[in-house]
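All values reported here derive from a predicted model rather than from experimental measurement. Throughout, a chain's letter reflects where its sequence line sits, starting with A, and its residues are numbered from 1.
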2 protein chains.
Amino acid sequence: MITADTSVREQIVSTADRLFYKQGYNLTGINQIIEEAGVAKASLYYHFPSKEDLCVAYLKRRYERWLAMLTKFLEGITDPKERIIKCFECRSEYLLDNDFSGCSYIRIIAEMPQRSAKINKQAILNKEKQRQFFIDEVKKLRRIPGNSVNDFANAIFLLFDGATVQCQVYRELSPIDNALKALKILF
Amino acid sequence: MITADTSVREQIVSTADRLFYKQGYNLTGINQIIEEAGVAKASLYYHFPSKEDLCVAYLKRRYERWLAMLTKFLEGITDPKERIIKCFECRSEYLLDNDFSGCSYIRIIAEMPQRSAKINKQAILNKEKQRQFFIDEVKKLRRIPGNSVNDFANAIFLLFDGATVQCQVYRELSPIDNALKALKILF
DNA sequence: AAATAATCAGACAAACTTGTCTGACTATTT
DNA sequence: AAATAGTCAGACAAGTTTGTCTGATTATTT
């Protein structure tokens, strides 16, 4: 009996996840993945018809990891404004834990101008889930700056992505601080 | 007598510029560059010791192009608030003209987690010049939201980068509109 | 017990990667 | 006129890439 998290499939995805995110998709070869995962090449291609499909699994996994981390961060916090701020603080920790590798969805699109339909779809789906989080929180606010839920949520989402990519570029967390200061001006 | 813009060196850089930005750095081979530039491989390596050095030239060129475009956009406009807004509109046109390829500095760092020192330095230099533009404009404002020049300029810069990457992801200009709406709330 | 699903190791294909080198030729400068 | 700088075409090295295929072995399910 083999448990889910030691299965060959899981080994492959978790190794691909680590390597794609750390080294980039294009610079990570199938051979490296199977070697570090300790599985046969045929096993990888048994589970994933192509590298592209493995990439989709990687993106799904990244979102799940982010959601789990955020959920834990927000535990017990009900105030929407505080929850939004905590989301940025969660980003700080995420980037620190992950060597300032930025947002995997943005990165995968930056790396693939050919625009694989499957990968594109998953990346955008993940981004939309992030946007929805902010919309949901903004809806709970008593007073909404600008008087439009979507406009204000989108403003926060822009700060969030802006801070994420700038942290990646500068390899430091100051852009998150800048974003928090921007939030203070906005609220 | 050979003019500067038809020289072999210029041919190489302009071709590399086009291909790096469109296809991505890692997916563009030296062989494709020399073929499309119509030059010999030895000529490329005569001017640029390595692909890395060519990349630095590419980043410099991208900044110059952006600056030229922005300067033209701002011609005759003196009001700092208006100049900031125009900068976002310039970004719209830039992205539309360039197939939504995003910011070349951010992208190159997203593509190269190995962090080539030369490339990293140039990318950050370019980003700092962009930040300085916003700082200079904010300084001219009569009333500064939040009462700190740097904080407000950084907020705008975050919106700028956030909008740029989101436009790249979604392949549409709505994030720029969102950023302009965010600016309205901020001001 | 038989059939199927999952896994293994690794060879192979066909293409691509950056960079070096040869050797010749032309243009420019001293 | 001689020396240097620039350019050419292309072979070559040593490595990489994704994906296919062989053939065998083990696990699971029917």
Could you list the protein-to-nucleotides 13-16 of chain C atom pairs, N/O on both sides, closer than 3.5 Å?
none

Could you list the donor-acceptor pairs under 3.5 angstrom formed by side chains in residues 155-163 of chain A, with sequence neighbours left out?
{"residue": "A/D161", "atom": "OD1", "partner": "A/K127", "partner atom": "NZ", "Å": "3.1"}
{"residue": "A/D161", "atom": "OD2", "partner": "B/Q166", "partner atom": "NE2", "Å": "2.8"}

For residues 71-80 of chain A, which side-chain N or O atoms pair as donor and acceptor with protein atoms under 3.5 Å away, sequence neighbours left out?
{"residue": "A/T71", "atom": "OG1", "partner": "A/L67", "partner atom": "O", "Å": "2.6"}
{"residue": "A/D79", "atom": "OD2", "partner": "A/E82", "partner atom": "N", "Å": "3.1"}

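Relative to the ring axis of B/Y45, B/K51 does not place its NZ or CZ within 45° and under 6.0 Å from the centre. Judged by the 6.0 Å and 45° rule, A/R62 forms no cation-pi pair with A/Y105. For the pair B/R61 and B/W66, the cation does not sit on the ring face, since its NZ or CZ is not both under 6.0 Å from the ring centre and inside 45° of the axis.
B/R107 contributes a side-chain N or O that, together with a main-chain N or O of B/Y21, makes up a donor-acceptor pair within less than 3.5 Å. A donor-acceptor pair under 3.5 Å is formed between the side chain of A/T28 and the backbone N or O of A/G24.
Looking at heavy atoms from C-beta onward, A/E172 lies out of side-chain contact with A/C167 at the 4.5 angstrom threshold. Two residues are said to be in side-chain contact when any heavy atoms from C-beta on lie closer than 4.5 Å; A/F20 and A/L59 fail this criterion.
For DNA chain D, the residues of residues 50-62 of chain A within the heavy-atom distance limit of 4.0 Å (strictly under) are A/S50, A/K51, sorted by number. For the segment residues 30-39 of chain A, the set of residues with a heavy atom within less than 4.0 Å of an atom of DNA chain C comprises A/G38, A/V39, in numerical order. A heavy atom closer than 4.0 Å to some atom of DNA chain D occurs in no member of residues 107-116 of chain A. For residues 16-23 of chain A, proximity to DNA chain D is found at no residue, defined as any non-hydrogen atom under 4.0 angstrom from a strand atom.
Rounding to whole angstrom units, CD of residue A/E10 and P of C/dT7 are separated by 12 Å. In this structure, A/L44 places its CG atom 13 Å from P of C/dA9, rounding to the nearest Å. The distance between atom CD of A/Q11 and atom C1' of C/dC8, rounded to the nearest whole Å, is 15 Å. Across the protein-nucleic acid pair, B/Y45 atom OH and D/dC8 atom P stand 16 Å apart, rounded to whole Å.
The side chain to side chain contact (heavy atoms under 4.5 Å, CB included) test applied to B/A153 returns B/F134, B/I135, B/V138, not counting sequence neighbours. By the side chain to side chain contact (heavy atoms under 4.5 Å, CB included) test, B/K118 pairs with B/E52, B/D53, B/V56, B/S116, sequence neighbours left out. Here B/R143 pairs with B/P145 under the side chain to side chain contact (heavy atoms under 4.5 Å, CB included) rule; sequence neighbours left out. Residues satisfying the side chain to side chain contact (heavy atoms under 4.5 Å, CB included) criterion with B/K129, sequence neighbours excluded, are B/Y63, B/L125.
The environment of NZ in B/K140 is crowded: more than 12 heavy-atom neighbours from other residues, nucleotides or ligands sit within 6.0 Å.
Between the side chain of B/K41 and the base of D/dG10, no donor-acceptor pair of N or O atoms lies under 3.5 Å.
Each of A/A42 and A/T28 was matched to the nucleotide of DNA chain D holding its nearest heavy atom; the match closer to the 5' end belongs to A/T28.
Closest to the side chain of A/H47, out of C/dT7, C/dC8, D/dT7, is C/dT7.
Closest heavy-atom contact between A/L54 and A/I12: CD1-CG2, 3.9 Å.
Identified under the salt bridge (charged side-chain N to carboxylate O under 4.0 Å, His left out) test for residues 19-41 of chain A, with sequence neighbours left out: A/R18-A/E36.
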